[in-house]
Amino acid sequence: MKNEIEEQYEFMDKVNELNKGKELKYSIFTMGCQLNENDSEKICGMLEKMGYFRVDDTTKADIVVFNTCCVRENAEDKLFGKIGEMKRQKEKKGTIIAIGGCMMQEKHIVEKLHSSYPYVDIIFGTHTLHKLSEDIYKILEERKRIDDVIDIDGEVYEGLPIKRVDNIKASVTIMYGCNNFCSYCIVPYVRGRERSRRPVDILNEVRNLAKNGYKEITLLGQNVNSYNGGENYKFSNLLYDVNKIDGIERIRFVSPHPKDFTEDVIEAIKKCDKVCKIIHLPLQSGSSKVLKSMNRKYTKEQFITLAEKMKERIPNVVFSTDIIVGFPGETEEDFEDTLDVVKRVNFEQVYMFIYSRRVGTPGDKMENQIPEEIKHKRFDRLKALVESGISVNNQKYIGTVQKVLVEGESKNNPNMLTGRTDSNKVVIFEGTKDLIHSVIELKIVSEHMWYLKGEIM
Ligand code: 5AD
Ligand code: SF4
């Protein structure tokens, strides 16, 4: 019996046949996290197999795909604005409009699309992405709108074509979904329960990437350190096995959960020389009271102890983090606890967010919501603290020698090259183009807030 993905390849061939000699084009907009970007690479892979060529200019496209995110509110306005703009093009040249991703798993969004944007052709969810080829085939054949969203957790499908955006760094999704139900977060409702890919499939994908010249791998999942490959094969086992693959020079992973940094994971990070020693440790809040109502399962003290333990065990480790300000019930004192943790842990990078109410989450139903003005003021205070820390932190690089993975020409200055340190800092330096895609040692000579300047030694 054919499996689902083989069937989809048949649909890709059929669409390709229908499109023969037509030079059709597609555009894609991706919102949200790296997981969504990785999903978009699969969407692009399918579209190119169907014979579409990518263009950036939407007005030239015959099919436009939106891959949406719903983790914060502002993405909704952006999406509806863009779809509104598509209406005339749709009427003029019959462009196919397909909208997928996390937001499509929310009923109220799909209802709004039906009522206000009836010209959208395909709505697909996070569990049906692999069927996009079938959906497009049906649109071409039958020209009636398709809703392809299911609520049950999708299976883990292997073998979809993929068109990667980068040729040196690649993302590899290792698990789908989330079981944590942090009370601010919509993800468990739109991505379903945790499902891990089989170790053999992940390792084969990474081996293939290495063969094709990729040097840096980012392992992706909503909660990577609870990866469960079966038969007691855990995240730490995966780190050791990816670390053994020749050709791969750097391994990163996002996003882990502080509660799942078990001894074996810490030991693996320490022992695997390719695992970058910048670890994402999402704090969310520094107040034990807020953390409890966020359902984060650790206290302020436990978080600090974990960071300190990792600093002791893993030489030169640094941390990045995510912080939400203005969660319901957050008092001035609670917020100051967050500032306190930021000062004490000295994060290398902080991703800051203003709390955004998400329909269907417990946080949305909490009564003590924080007024917008206070949220913004706190956000600005946190930002000022973080930025003052960056230049101080940058100073410690000056005079050091850093291994830098050279990514290409600098966007702002084509005479210079750009790359990143193990700790993910951008380094700009003068060098010849043959260095692109190699890992070289640079002496850091100055810091400029968002980047460092280096010199070849
Ligand atoms: N409001 C603001 N930020 C959020 N995040 C998740 N949900 C929300 C929300 N409702 C942030 C968290 C998470 C990151 C990916 O997005 O910090 O770690
Ligand atoms: Fe956005 Fe979360 Fe979906 Fe990623 S998984 S696209 S952050 S809602």
Side-chain angles (χ1 to χ4, degrees), residues 30-39 67-78 101-103 105-106 108-109 126 171 173 175-191 194 218-226 252-261 278-287 290-291 293-298 303 319-330 334-335 337-338 341-342 345 347 349-366 368-372 374-376 378-380 382-383 386:
T30 307
M31 300 165 175
C33 64
Q34 292 184 59
L35 269 162
N36 237 29
E37 279 167 19
N38 192 227
D39 279 351
N67 190 12
T68 63
C69 166
C70 58
V71 83
R72 285 173 294 273
E73 195 173 7
N74 41 16
E76 282 166 27
D77 303 338
K78 212 161 130 192
C102 294
M103 222 190 269
Q105 296 291 141
E106 295 185 291
H108 67 281
I109 298 284
T126 54
S171 298
T173 299
M175 62 185 305
Y176 301 89
C178 181
N179 293 350
N180 289 335
F181 290 93
C182 302
S183 58
Y184 51 80
C185 189
I186 190 77
V187 170
Y189 307 91
V190 297
R191 291 245 174 203
E194 289 178 4
T218 302
L219 305 173
L220 294 182
Q222 296 299 343
N223 191 9
V224 284
N225 48 352
S226 73
R252 302 185 190 276
F253 54 87
V254 277
S255 216
H257 192 298
K259 77 173 168 53
D260 295 312
F261 272 103
I278 179 165
I279 304 298
H280 194 59
L281 208 56
L283 170 67
Q284 311 302 359
S285 167
S287 149
V290 174
L291 285 167
S293 73
M294 283 179 162
N295 193 26
R296 288 292 289 175
K297 304 181 178 92
Y298 53 85
F303 185 92
F319 300 105
S320 58
T321 198
D322 290 347
I323 293 175
I324 299 176
V325 298
F327 187 74
E330 183 189 76
D334 294 323
F335 176 63
D337 271 331
T338 300
V341 180
V342 170
V345 177
F347 296 105
Q349 244 173 326
V350 181
Y351 300 93
M352 296 166 272
F353 307 102
I354 290 176
Y355 173 65
S356 168
R357 294 173 77 162
R358 307 285 65 212
V359 175
T361 61
D364 185 43
K365 296 185 195 87
M366 292 179 187
N368 36 12
Q369 301 288 329
I370 306 298
E372 286 303 312
I374 296 183
K375 286 192 211 171
H376 280 89
R378 286 184 186 158
F379 182 86
D380 291 344
L382 175 63
K383 190 162 165 259
V386 167

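We count residues from 1, following the sequence as given. For the numbers below, each heavy atom of this structure counts, side chains included, while hydrogens, waters and symmetry mates do not. Each ligand, and each atom within it, is numbered from 1 in the order the structure gives.
At a heavy-atom distance under 4.0 Å, atoms from both the backbone and the side chain of Tyr184 approach ligand 1. Only the side chain of Arg72 comes within 4.0 Å of ligand 1, judged by heavy-atom distances. Residue contacts with ligand 1, taken as heavy atom pairs separated by less than 4.0 Å, involve Ile324 solely via side-chain atoms from C-beta onward.
Ligand 1 has a nitrogen or oxygen under 3.5 angstrom from a nitrogen or oxygen of Gln284. The shortest N or O to N or O distance between Arg358 and ligand 1 is not below 3.5 Å.
The two residues Thr126 and Gln105 make their nearest non-hydrogen contact at N-OE1, 2.8 Å.
Proximity of Phe327 to Ser293: side-chain heavy atoms (C-beta onward) are separated by under 4.5 Å at one or more points. Between Met366 and Ser183, some side-chain heavy-atom pair lies under the 4.5 Å cut-off.
For Phe181 and Tyr189, the ring centers are positioned less than 6.0 Å apart.
Here the rule is side chain to side chain donor-acceptor pair (under 3.5 Å) with Tyr184, and of Arg357, Gln284, Arg358 only Gln284 fits it. Remark: of the listed residues Glu194, His257, Lys259, Glu194 is the sole one forming a side chain to side chain donor-acceptor pair (under 3.5 Å) with Ser226.
The contact set between ligand 1 and Val71, taken as ligand atoms under 4.0 Å from a residue heavy atom, comprises 6 (C), 7 (N), 8 (C), 9 (C), 10 (N).
Proximity of Ile354 to ligand 1 is established by a heavy-atom distance of less than 4.0 Å.
Distances from atom 10 (N) of ligand 1 to the heavy atoms of Cys33, Cys182, Ser356, Pro282 show the closest one on Ser356.
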